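Scope of the values below: all heavy atoms of this structure, side chains included, with no hydrogens, waters or symmetry mates. All values derive from a computational prediction rather than experimental measurement.
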Amino acid sequence: MAVLLHRLGHSAYRHRKLVLGVWLFVLAALITCVGVFGGKLDDRFSVPGTESQRALDSLSKTLPEAAGASAQIVFTAPEGHRITESPYSAAIAKTVAETRQAPQVSGVVDPGTAGAVSADRTTAIVQVQYRVQTAEVGTSSVAAIKSAAHAAERDGLRTSVGGSVFNSKGVHIGPSEIIGVAVALLVLVVTFGSLLAAGMALLPALIGVAAGLTGLLALAPAVSISSTAVTLALMLGLAVGIDYVLFILSRHRQQLARGTDPKESVALAVGTAGSAVVFAGATVIIALAALSVIGIPFLTTMGLGAAGAVLVAVLAAITLVPAIAGFAGTRLVPKPGSRAARRAADAEGATGRTTLGTRWTKRVVAKPLLTVLAVTGILVTLMLPAADLRLALPDNGSAPHASTQRTAYDTIDAKFGPGFNGPLLVLAETNDRTAAASSQVGAQVAAKLRTLKNVKAVLPPEPTSDSAQRVITVLPDSGPDSVRTDRLVRDIRAAASDLRATTGASIAVTGTTAVNIDVSNRLSDSLLPFVAIVVGLSLLLLMMVFRSLVIPVKAAVGFLLSVGASLGLVVAVFQWGWLADVLGVPHSGPVVSFLPIILIGVLFGLAMDYEVFLVSGMREEWAHTGRARQAVVDGARHSVRVVTAAALIMFTVFAGFFPLDDSLIKPIAFALAVGVAIDAFAVRMTLVPAVLALAGRGAWWLPAWLDRLLPDLDVEGSSLQKAVPAEREESEFAGASAGSGSGSGAGGARGNSGE
């Protein structure tokens, strides 16, 4: 792989105008496609094959209002007054009439008909139903409802609007993300000591992100793409894109400082650092693409969309970087005596000075057992809250406090009970298609449901266009994200066989709350198998890369510690509410159900990324010197600064998405940011050197039979030691035969000797 990438680097350098032109042409074509054919994003959560989804699909044909989007207008009378007083009831009636005229609205139910007046007569709810899904509800329709509700405030009522129409519908790009990119640029400037080099590192990454994002949006007319999938693709594409370019460009600059010819240097950088980039990117792509096997469509699009963004970032790093480096030429060479030149010399050990990374590694390996115990103890402590992990999909109760949907949610919770925010729909079907028989069965099912624990109220059965069906609304005594509501769904399903025996009807629990519960349960059941697959993959890949048994096991344990500590912090902040006010977390409750799997998939790739860049230098030193502990120190000298910069960039990009008022993105951004920080600084830069120092020579041992069995991926680019000089000799021989020699090859060979 290293030799192939070396040739690719050479080719991209030589044909730099063509490479850059192709990228810009593809980007322009994708932007045009999005502008002309761009479709709507689809934020529906569905779980094919589950009882709730089958019933919801049936209702979408026989009672579209029950399966479509909904909105709620909440009215509260002034203090000391009742909502039933004539001025207020007249204002509500006027609002109902205006709401019926709003676009896409299929029905409006006034408080009297629905029985949606609070016991103290101070609050009432108007129910608004749509025939279309949430993703298809236009902003003009929501604005019309808000306007109608706001008009009632002139009569003294307090109003708020909530419901499923307020689910996330767009990609969020604002000041916090721009600040994140600006901080990344600052880190690049400090790392390279050059504004030109920093700009060169950022340009390919931004082009790659733009291509990946527009490519995903271009698929929206043909494939269901959620807004969360687009935001996650943007987040990951930006973070890994900058990191991958940083790894290759930093290697290029180090080689230029040693006098390597620019053309040969960039090819060597792509062959060595680029090999690690391809390996790391492949692990992220595999882990994210594996989300599709869980069988949840919105999670499949999230995984594949993010994997596509990472793939584009890898392609940009190994093709655009050498092309743009070709335009820069010798201008990227650090000036003699400059800070960048001194850093390059320090990394090679030529100055005799020790870098900060070297000093840190020496302290770590000086007392390796103490370091291992201390780091492991801290991470295990951070993991403890994860034992209380509860998963659910967010609703309007997770929205910002100042939002109208959060106000409506809290008011309904206080005045009607938490179950009113998460009703369950029970679909009863009988073989007797007469209306009388169906009505009788519906009444019997409703009577049985009223006897179940945690049921606050059961509304009268509602007919559908299918005479054999009745829909019964069950109001739990607990909120939609409560464990008790989950248990009630299980109890209703457990009573299905008894109801079939006594009434002849089959029942199915559905509705938004039941679908969300099924999604969370499916994800919970998939979590451990997914972890097993990822850990097994990491063991196999690292065994092939480093020809060792200790390193893969150590990397897998470190990865589990990173994931566990990150989840522990997520539970403490988002579920327990620790520091929630300080961090601006609007709601404490269950963790977003797909967060653990996303965290595992992304962090796995990043952990392998840092592992390869750090340990490959140590392995190279071990191969040269045979001194185990000194190889750890000398090997870390080459890569600690770059890995530190990469982790800081990754952290700032993820953290830039944390301030978003999005109940899906905020916890994911937090988890990824703290996960990267923990894995890079606590595990890779501290725990890894300490474990290798403890293991000594045994760290690099692999049974001979296993060594012969495993393929050699050559991520470190050791094959270039032989292949590149041989290619150069052939090139020089051909040039001499043609009467024209090349003087740059020798410089490249001398530069390569240090690799």
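Interatomic distance, Ser593 OG to Ile296 CD1, rounded to the nearest 0.5 Å: 7.5 Å. A distance of 8.5 Å separates CG in Leu672 from CD1 in Ile598, rounded to the nearest 0.5 Å. Rounding to the nearest 0.5 Å places NZ of Lys146 at 10.0 Å from OG1 of Thr139. With rounding to the nearest 0.5 Å, the separation of OG in Ser520 from CG in Asp481 is 9.5 Å. Atom OG1 of residue Thr513 and atom CG of residue Asp518 lie 11.0 Å apart, to the nearest 0.5 angstrom. From Leu488, atom CG reaches atom CZ of Arg493 across 10.5 Å, with rounding to the nearest 0.5 Å.
Judged by distance alone, with hydrogens and angles left aside, the side-chain atoms of Thr473 form no donor-acceptor pair with the main-chain N or O of Leu459 at under 3.5 Å. A distance-only check finds no donor-acceptor pair linking the side chain of Ser663 to the backbone of Pro394 [under 3.5 Å]. Panel note: side chain Ser147, backbone Ala144; no donor-acceptor pair is recorded below 3.5 Å. A side-chain donor-acceptor contact under 3.5 Å links Asn454 to the backbone of Arg484. Here the side chain of Asn421 pairs a donor or acceptor atom with the backbone of Tyr409 at under 3.5 angstrom. Within the 3.5 Å criterion, the main-chain N or O of Thr113 finds a donor-acceptor partner in the side chain of Asp110. Between the Gln104 side chain and the Gly138 main chain, a donor and an acceptor come within less than 3.5 Å of each other. In terms of modelled atom types and a separation under 3.5 Å, the side chain of Ser141 and the main chain of Pro103 share a donor-acceptor contact. Looking only at distances, no side-chain donor or acceptor of Ser52 sits under 3.5 Å from a matching main-chain atom of Thr510. With hydrogens and angles ignored, the 3.5 Å screen pairs no side-chain donor or acceptor of Thr122 with any backbone N or O of Ser118.
Ser106 and Gln129 share no side-chain donor-acceptor pair at under 3.5 Å. Between the side chains of Asp388 and Gln575, at least one donor N or O sits under 3.5 Å from an acceptor N or O. The closest side-chain donor-acceptor pair between Gln444 and Thr503, if any, does not fall under 3.5 angstrom. Side-chain N/O atoms of Ser58 and Gln469 include a donor and acceptor closer than 3.5 Å. In this structure, a donor-acceptor pair under 3.5 Å is present between the side chains of Ser478 and Thr485.
Nearest approach of Leu56 to Gly511, heavy atoms of both residues: CD1-N, 4.3 Å. The minimum heavy-atom distance linking Ala673 with Ala655 is given by the pair CB-N, 4.1 Å. Of all the heavy atoms in Ser226 and Met302, the pair that sits closest is OG-CG, 4.2 Å. Looking at every heavy atom in both residues, Ala446 comes nearest to Pro461 through CB-CG, 4.3 Å. Residues Gly162 and Ala408 share a closest heavy-atom pair of N-CB, 3.8 Å. Of all non-hydrogen atoms in Asp155 and Ala91, the two that sit nearest each other are OD2-CB, 3.4 Å.
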Next item on the list: Test Glu429 against Ser506 for side chain to side chain donor-acceptor pair (under 3.5 Å), laying out the working first.
Entry: CA-CA 5 Å; Glu429 295 184 275; Ser506 61; 4.6 Å; no
Note to self: Using the rule given for side chain to side chain contact (heavy atoms under 4.5 Å, CB included), can you reason through Phe574 versus Leu595, listing the C-alpha separation, both sets of side-chain angles and the distance that settles it, and then say yes or no?
What the structure shows: CA-CA 12 Å; Phe574 288 87; Leu595 182 149; over 6 Å; no
Margin query: Determine whether Phe166 and Val161 satisfy the following criterion, side chain to side chain contact (heavy atoms under 4.5 Å, CB included), listing intermediate values before the conclusion.
Written below: CA-CA 9 Å; Phe166 287 94; Val161 183; 3.7 Å; yes
Next item on the list: Go through the steps for Thr99 and Val126 under the test side chain to side chain contact (heavy atoms under 4.5 Å, CB included), then give the verdict.
Entry: CA-CA 10 Å; Thr99 302; Val126 170; 5.5 Å; no
Notebook entry, point to check: Between Leu291 and Phe530, is a side chain to side chain contact (heavy atoms under 4.5 Å, CB included) present by the stated rule, with each step listed?
Noted result: CA-CA 8 Å; Leu291 298 179; Phe530 188 73; 3.7 Å; yes
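Counting only heavy atoms from C-beta outward, the side chains of Arg470 and Val441 never approach each other to under 4.5 Å. Under the 4.5 Å side-chain criterion, counting only non-hydrogen atoms from C-beta, Leu299 is in contact with Leu523. For the pair Val165/Ser70, no side-chain contact is recorded, criterion being any heavy-atom separation below 4.5 Å from C-beta on. Put simply, the side chain of Phe298 does not reach to within 4.5 Å of the side chain of Thr228, judged on heavy atoms. Pro463 is not listed as a side-chain neighbour of Ser438, based on a closest heavy-atom distance of 4.5 Å or more. Side chains of Thr407 and Val74 form no contact here, defined as non-hydrogen atoms less than 4.5 Å apart. Proximity of Leu216 to Leu234: side-chain heavy atoms (C-beta onward) are nowhere separated by under 4.5 Å. A 4.5 Å side-chain heavy-atom check between Leu449 and Val455 finds every atom pair outside the cut-off.
The 12-atom threshold is not exceeded at CG of Asp581, counting heavy atoms of other residues, nucleotides or ligands nearer than 6.0 Å. Open room surrounds NE2 on His150; 12 or fewer heavy atoms of other groups in view lie less than 6.0 Å from it. In this structure, Arg390 places its CZ atom where more than 12 heavy-atom neighbours from other residues, nucleotides or ligands lie under 6.0 Å away.
Looking at Asp410 and Arg406, a side-chain N of the basic residue comes within less than 4.0 Å of a carboxylate O on the acidic one, giving a salt bridge. A salt bridge links Arg490 and Asp486; the closest N-O separation between the charged side-chain nitrogens and carboxylate oxygens is under 4.0 Å.
For Phe416, the ring pair (Phe, Tyr, Trp, His ring centres under 6.0 Å) test picks out Phe420, with sequence neighbours left out.
Using the six-membered ring where Trp is involved, Phe670 and Phe658 have ring planes that are tilted, between 30° and 60° apart.
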